[in-house]
Amino acid sequence: MDGNIFEKILGQDCLFVDRRAFDHAFEPTRLPHRGHEVESLVRNLVDALNGHIPSNMLLYGVPGSGKTVVTRFVLGQLLDKGEEMGQSVETYEINCRNVDTKYRVVQTIASKLGRRGDTPIPFTGWPTDRVLEELISRMDRAGGVHIIVLDEIDNLVSRAGDGLLYNLTSLNTSLRNSRCCIIGISNDLNFTQQLDPRVTSRLSQEDLVFHPYGAPEIQDILSERVNTGLREDVIEEGVLELCSALAAQEHGDARRALDLLRISVQKAEQRSQKTVDRRHVRLAQSQLEYDQVTPVLKTLPLHQKLLVLAIKLNEDNGMRNISTGETYRTYSDACMKISVEALTPRRISSLLNELDTLGIIMARNVSKGRGGRSKQVNSAIPKGVDAISIMGESEPLIAEAALGRYNLQSQL
DNA sequence: TGTCCACTGGAAGGGAGGGCTT
DNA sequence: AAGCCCTCCCTTCCAGTGGACA
């Protein structure tokens, strides 16, 4: 081969000026169409600078409606101002999708407050109350105002209950030398229904609803990022409109629009084209659908994979709206073929709910009268994903065996 | 109006695995 | 080493449910 293999790509014209402008974690300096929300947060959090305790807040809105980015933006400015004024303000952002138990949330915050010489708090082992006590003493030691942001708080409550929120919202009664404020961010408007009324009244002293972006608003956000992230005149007419319209269909998700645009630009680059047109957006759309599902599938535990396989198998045989019972029969059949003990129907019912939450299947409860009550299950997996992709490349024989095309037992 | 079906989903608890304390 | 605490994954039990049907 002539020359270095990287040279060909390195020499290519790049359409991006700054790729980070399309990152989900990118923090823009302007937040179009979120002025009202920024102001509400600022009006409340300014108390932290005056030495008072800001009200606890709950921010609601569909995914990609700017809740997290607005909160980060405001807290960033708050920290700057606090430093300038010599007011001690600490902020903690916890994503409750990753940190989803009472112990871990408290442990994460307390560890962030740790200093050299402190006993490190283990990931597990201590009684939760002890970690909570440690948190209180470390907060008091640091002093000032502590603002705890619990992103995807609905996820925490559905997994771990509202015990933690009870503790956190009553921290101020135990703190002597510092003050604490909670900002909960939720995708689910009705999640407070799962809470004890006492927790609800303390937590949602102020509610802020982020309405989904409409297509024109998403278009403004995209234009902003195009100016920062791309070369001039790269985007052809109609591209931003299409990205915005597609994302607006998906409940006004601005992140989705940014992903679409970023991948569209990459598609144009891969083809050594100097501009991005609507065909690139269509290509990006189908890649996004594929990419959304396959990494999630790969990380699923074996029984969930088998469950997805069972649903897919039924669908390949022309079935739609498959009942829980039918899904279970196909699943346990597949388990038998690979000599794995099937889980109980109760467990499978829960796993179907989990797969529904992950967006891998669509399940809804229906009653067929005397035919009983059940779920109607359909897969949400794009057509191009086959059994091998579901089971993962490392387990092709298991996939073949589960489909009955290969005898695993003869190999055991 | 009551019965019945095929489940759903809450509650309780077992057991494995991991870590800390005494 | 024993005892304790925590999470995670799972089972078992069972009351509850929506709507067709007799």
Side-chain angles (χ1 to χ4, degrees), chain A residues 94-111 114 117-138 150 152-168 188 190-196 296-297 299-308 310-311 314 319-336 338-358 360-378:
Chain A
I94 309 252
N95 188 318
C96 303
R97 183 167 288 278
N98 311 322
V99 183
D100 59 356
T101 63
K102 183 177 171 180
Y103 184 94
R104 282 201 213 156
V105 170
V106 183
Q107 190 260 354
T108 307
I109 305 170
S111 297
D118 282 346
T119 321
I121 305 169
F123 292 109
T124 170
W126 283 14
T128 311
D129 287 349
R130 184 177 163 197
V131 190
L132 203 60
E133 275 169 30
E134 186 67 29
L135 174 69
I136 290 167
S137 87
R138 288 185 184 188
L150 298 172
E152 304 200 43
I153 191 172
D154 41 331
N155 195 53
L156 175 75
V157 172
S158 61
R159 290 196 66 121
D162 62 3
L164 171 71
L165 298 182
Y166 186 85
N167 288 132
L168 288 183
D188 177 7
N190 299 315
F191 105 99
T192 48
Q193 287 173 4
Q194 303 171 44
L195 301 177
D196 185 305
V296 183
L297 282 175
T299 55
L300 289 179
L302 176 67
H303 285 280
Q304 297 204 21
K305 284 182 182 169
L306 286 168
L307 204 49
V308 179
I311 295 161
N314 279 326
M319 293 170 72
R320 298 294 293 168
N321 298 327
I322 312 150
S323 70
T324 309
E326 193 56 49
T327 308
Y328 185 76
R329 281 186 283 279
T330 318
Y331 154 80
S332 42
D333 198 35
C335 285
M336 216 163 66
I338 61 169
S339 309
V340 166
E341 202 167 320
L343 302 177
T344 57
R346 172 70 188 88
R347 182 71 189 130
I348 292 305
S349 179
S350 299
L351 291 186
L352 284 175
N353 286 342
E354 283 176 33
L355 290 173
D356 186 33
T357 311
L358 287 170
I360 291 173
I361 63 167
M362 289 173 291
R364 63 192 177 104
N365 291 341
V366 287
S367 173
K368 285 182 271 180
R370 279 216 154 167
R373 207 171 150 238
S374 172
K375 279 190 173 65
Q376 280 189 344
V377 179
N378 290 296

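Residue numbering restarts at 1 for every chain, and letters A, B, ... go by the order of the sequence lines. All heavy atoms count here, side chains included; hydrogens, waters and symmetry mates do not.
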Atom-pair distance ([atom1] on [X]; [atom2] on [N]), nearest Å:
| X | N | atom1 | atom2 | answer |
| --- | --- | --- | --- | --- |
| A/Ile121 | C/dC5 | CD1 | P | 18 Å |
| A/Leu351 | C/dC9 | CG | C1' | 10 Å |
| A/Ile322 | B/dC7 | CD1 | P | 13 Å |
| A/His303 | C/dC10 | NE2 | P | 6 Å |
| A/Glu134 | C/dC5 | CD | C1' | 17 Å |
| A/Gln304 | C/dC8 | CD | C1' | 13 Å |
| A/Leu343 | C/dC8 | CG | P | 18 Å |
| A/Leu164 | C/dT7 | CG | C1' | 15 Å |

Item to check | Charged N-O contact under 4.0 Å between A/Arg138 and A/Glu134 | outcome: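 A salt bridge is present here (some side-chain N lies under 4.0 Å from a carboxylate O).
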Item to check | Salt bridge present between A/Arg329 and A/Glu326 (N-O < 4.0 angstrom) | outcome: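 Yes, this pair counts.
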Just by modelled atom types, is the [Y] backbone N or O under 3.5 Å from a matching donor or acceptor in the [X] side chain?
| X | Y | value |
| --- | --- | --- |
| A/Thr324 | A/Lys375 | yes |
| A/Ser332 | A/Ala342 | no |
| A/Asn314 | A/Met319 | no |

Under 4.0 Å: is that the gap between some side-chain N or O of [X] and OP1 or OP2 of [N]?
| X | N | result |
| --- | --- | --- |
| A/Thr324 | B/dC7 | no |
| A/Ser323 | B/dC7 | yes |
| A/Lys102 | C/dT7 | no |

Next on the checklist: For DNA chain B, which residues of residues 361-374 of chain A approach it to below 4.0 angstrom with any heavy atom?
Outcome noted: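 Contacts with DNA chain B under 4.0 Å: A/Asn365, A/Gly369, A/Arg370, A/Gly371, A/Gly372, A/Arg373, A/Ser374.
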Next on the checklist: Measuring from the side chain of A/Trp126 (C-beta onward, heavy atoms only), which nucleotide among C/dT12, C/dC9, B/dC20 has the closest atom?
Outcome noted: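 Given the options C/dT12, C/dC9, B/dC20, the side chain of A/Trp126 is closest to B/dC20.
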Next on the checklist: Consider side chain to side chain contact (heavy atoms under 4.5 Å, CB included). Of A/Val131, A/Leu150, A/Asn167, A/Thr128, which one does A/Val105 pass it with?
Outcome noted: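 For A/Val105, the side chain to side chain contact (heavy atoms under 4.5 Å, CB included) test succeeds with only one of A/Val131, A/Leu150, A/Asn167, A/Thr128, which is A/Leu150.
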Protein-nucleic acid N or O pairs under 3.5 Å, nucleotides 11-18 of chain B:
| from | atom 1 | to | atom 2 | distance (Å) |
| --- | --- | --- | --- | --- |
| B/dG18 | N2 | A/Thr124 | OG1 | 3.3 |

Item to check | A/Arg373 vs A/Val366, side chain to side chain contact (heavy atoms under 4.5 Å, CB included): CA-CA, chis, key distance, verdict | outcome: CA-CA 6 Å; A/Arg373 207 171 150 238; A/Val366 287; over 6 Å; no
Next on the checklist: Run the side chain to side chain contact (heavy atoms under 4.5 Å, CB included) test on A/Leu165 and A/Ile153 for me, step by step, so that the C-alpha distance in whole Å, both residues' side-chain angles and the decisive distance to 0.1 Å come before the verdict.
Outcome noted: CA-CA 9 Å; A/Leu165 298 182; A/Ile153 191 172; 3.8 Å; yes
Item to check | Exercise: do A/Arg104 and A/Thr108 side chains pair donor with acceptor under 3.5 Å | outcome: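 No, no side-chain donor-acceptor pair sits under 3.5 Å.
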Checklist entry - What does A/Ser350 touch in the nucleic acid at a heavy-atom separation under 4.0 angstrom: a base, only the sugar-phosphate, or nothing? => result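 Nothing, no nucleic acid heavy atom in range.
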